[in-house]
Undergrad: 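Structure below; questions to follow.
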There are 2 protein chains.
Amino acid sequence: MHSVDQKPENLDAPARPKRCQDCGVRHVSLCGALDCMELAEMDRIAIHTRSIDGSTIVYEGDESAQVYNLTEGTVRLTRLLPDGRRSITGFLFPGDFLGLSCGGKYVYSAEAINPVSACQFRKRDLDTLFERFPKLEGRLLNMVTTELAAAQDQMLLLSRKTPKEKIASFLLWLGTKLDRLDPAMSQKDQLDLPMTRTDIADYLGLTIETVSRTLASLVRDGIIALPSRRQIHILDNEQLIEIAEG
Amino acid sequence: MHSVDQKPENLDAPARPKRCQDCGVRHVSLCGALDCMELAEMDRIAIHTRSIDGSTIVYEGDESAQVYNLTEGTVRLTRLLPDGRRSITGFLFPGDFLGLSCGGKYVYSAEAINPVSACQFRKRDLDTLFERFPKLEGRLLNMVTTELAAAQDQMLLLSRKTPKEKIASFLLWLGTKLDRLDPAMSQKDQLDLPMTRTDIADYLGLTIETVSRTLASLVRDGIIALPSRRQIHILDNEQLIEIAEG
DNA sequence: GCGGCTATTTGATCCAAATCAATGTGGCAT
DNA sequence: ATGCCACATTGATTTGGATCAAATAGCCGC
């Protein structure tokens, strides 16, 4: 199905993320939710890891002893049915956490869809940290709660939206995500897709053919342009919003 | 669409939940995750409320100043598209929390589908409690994380399972839920549905006709029986499991 | 630039589930 | 009991998106 079976490599001399300009600590990019002290401490116990394009970072069903905080790149979370049908339950971007799930096992596989860097923590180290910084847990609670709300949006999308609405919602969502990553550089109307059509299809509960045809129809209507396979220009944001919701 | 527009009634002399046999405190049923001290304190700041069948407890988009802990009954969480298409993103049972979502607004409506009792907290009271019992937050984090995993299961179901697989998964899931509520009384193979066919359809991303037909086909295959509209006997659990996953 | 490979697009056909349309059933108020 | 009404089932028809099947376009190593 997918040839992705390398464990992430912990480099011998681990590449460290850049230091924060403000406070001098290295970056665990927790969406700006942490103060410097917390950042510094989290960084102290982190191992910096890299995963190459296509490699699997965690495997569905594996013992979940590690938690990751993504610092670079994009990760897809996948679930499989025994016969190979696949669902992508989410994409992770820098700042997102991976592996927080309670209980002993990961409930999804996480695969790098481009070169990824992450800070890796042992779960029990993190627990120790929670005791020293009780507010950390509250911040994570907020993050997970936000994720849950997003998951519910996705359920509405998957169960009740048409392919056109799904694609429109997806493009708008991706726009805000990419914009948040680098507000300076990105023009919100010019998306660089990190994922393939297959990924989009598995994220939206469609086939690649339907994704392709739906994008084509949006091009025909002058709402988007496809300068290349991995680029999408949004020409008419207003109308995209209109399509996304009845 | 649905004639559900009564705010929950805070009874003048609020009915208090039963005291715990072990420790004498009143029940905030947090899935057994709390110790007696925490329970007692949570109970102290709770208002006990009741909602009648069909009433809406919280409205999508409303200011979310209240958190509820369900003690009796069943609640459905719904999201609507502007044109009325509906998705039920989950059902809540006694012990479940409602309204934890961060940010200022509820992201779904919550409706009682039978008579419901709940302990109601002001969010800021809960925050105060978190400071006194820092572990509480960690426990909630675990609960929300578990919910998130369930949400991802549901995404796989919605996007990639066939109607038959959806119904089978639903029945198995409901069985474990109802069983957990009252392990003594319930026989796991005899389900009392709290929800209508429409609710099931909106939960599984199907139409009521398809729900009805699919149940009928399971009856034909001798896998379940429908003694009445709100009762389902599971005759062949093994096969139901087999159907639920390819 | 030239194969060779994979991702993507496009076209033709099919089928499962939605929609449309009755019909049946159970619960409840009178 | 009776009638009413919302809920549920069952049947007929339609259709949107899946599937099957090429064709095309990038992209990489050489």
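The sequence lines fix the lettering, A, B, ..., with proteins before strands; numbering per chain opens at 1. Keep in mind the model is a prediction, meaning the values are calculated, not measured.
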Undergrad: Excluding sequence neighbours, so at least two apart, what forms side chain to side chain contact (heavy atoms under 4.5 Å, CB included) with B/Asp189?
TA: B/Gln187, B/Ile234
Undergrad: Who passes salt bridge (charged side-chain N to carboxylate O under 4.0 Å, His left out) against B/Glu238, sequence neighbours left out?
TA: none
Undergrad: Could you give the distance from CZ (B/Phe93) to CG (B/Leu70), rounded to the nearest 0.5 Å?
TA: 9.5 Å
Undergrad: Quick one, give me the B/S/- string for nucleotides 5-18 of chain C, reading 5' to 3', where B means a protein heavy atom under 4.0 Å from the base and S means that only happens at the primed atoms, P, OP1 or OP2.
TA: --BSBBBB----SS
Undergrad: Over the length of the helix from C/dG1-D/dC30 to C/dT30-D/dA1, how much do the five-pair end axes diverge, rounded to 10 degrees?
TA: 50°
Undergrad: Please list all pairs meeting ring pair (Phe, Tyr, Trp, His ring centres under 6.0 Å) that have one or both residues in residues 188-230 of chain B, counting only residues at least two apart or in different chains.
TA: B/Phe91-B/Tyr203, B/Phe170-B/Tyr203, B/Trp173-B/Tyr203
Undergrad: So, using side chain to side chain contact (heavy atoms under 4.5 Å, CB included) as the criterion, who are the partners of A/Thr207 when residues are at least two apart?
TA: A/Glu209, A/Thr210
Undergrad: Sequence neighbours left out, what passes side chain to side chain contact (heavy atoms under 4.5 Å, CB included) with A/Gln239? Give chain and number order.
TA: A/Ile223, A/Asp236
Undergrad: Under the salt bridge (charged side-chain N to carboxylate O under 4.0 Å, His left out) test, which residues partner B/Arg213, sequence neighbours left out?
TA: none
Undergrad: Strictly by ring pair (Phe, Tyr, Trp, His ring centres under 6.0 Å), give each pair with a member in residues 221-246 of chain A just once, sequence neighbours left out.
TA: none
Undergrad: My understanding is that only residues two or more places apart in sequence, or in another chain, count here; which of them pass salt bridge (charged side-chain N to carboxylate O under 4.0 Å, His left out) with B/Asp221?
TA: B/Lys164
Undergrad: For chain B and DNA chain D, what are the first and last nucleotides along the strand, 5' to 3', with at least one atom under 4.0 angstrom from a heavy atom of the protein chain?
TA: D/dC7 to D/dA12
Undergrad: Kindly write out the residues that satisfy salt bridge (charged side-chain N to carboxylate O under 4.0 Å, His left out) with B/Lys177, not counting sequence neighbours, or none if the list is empty.
TA: none
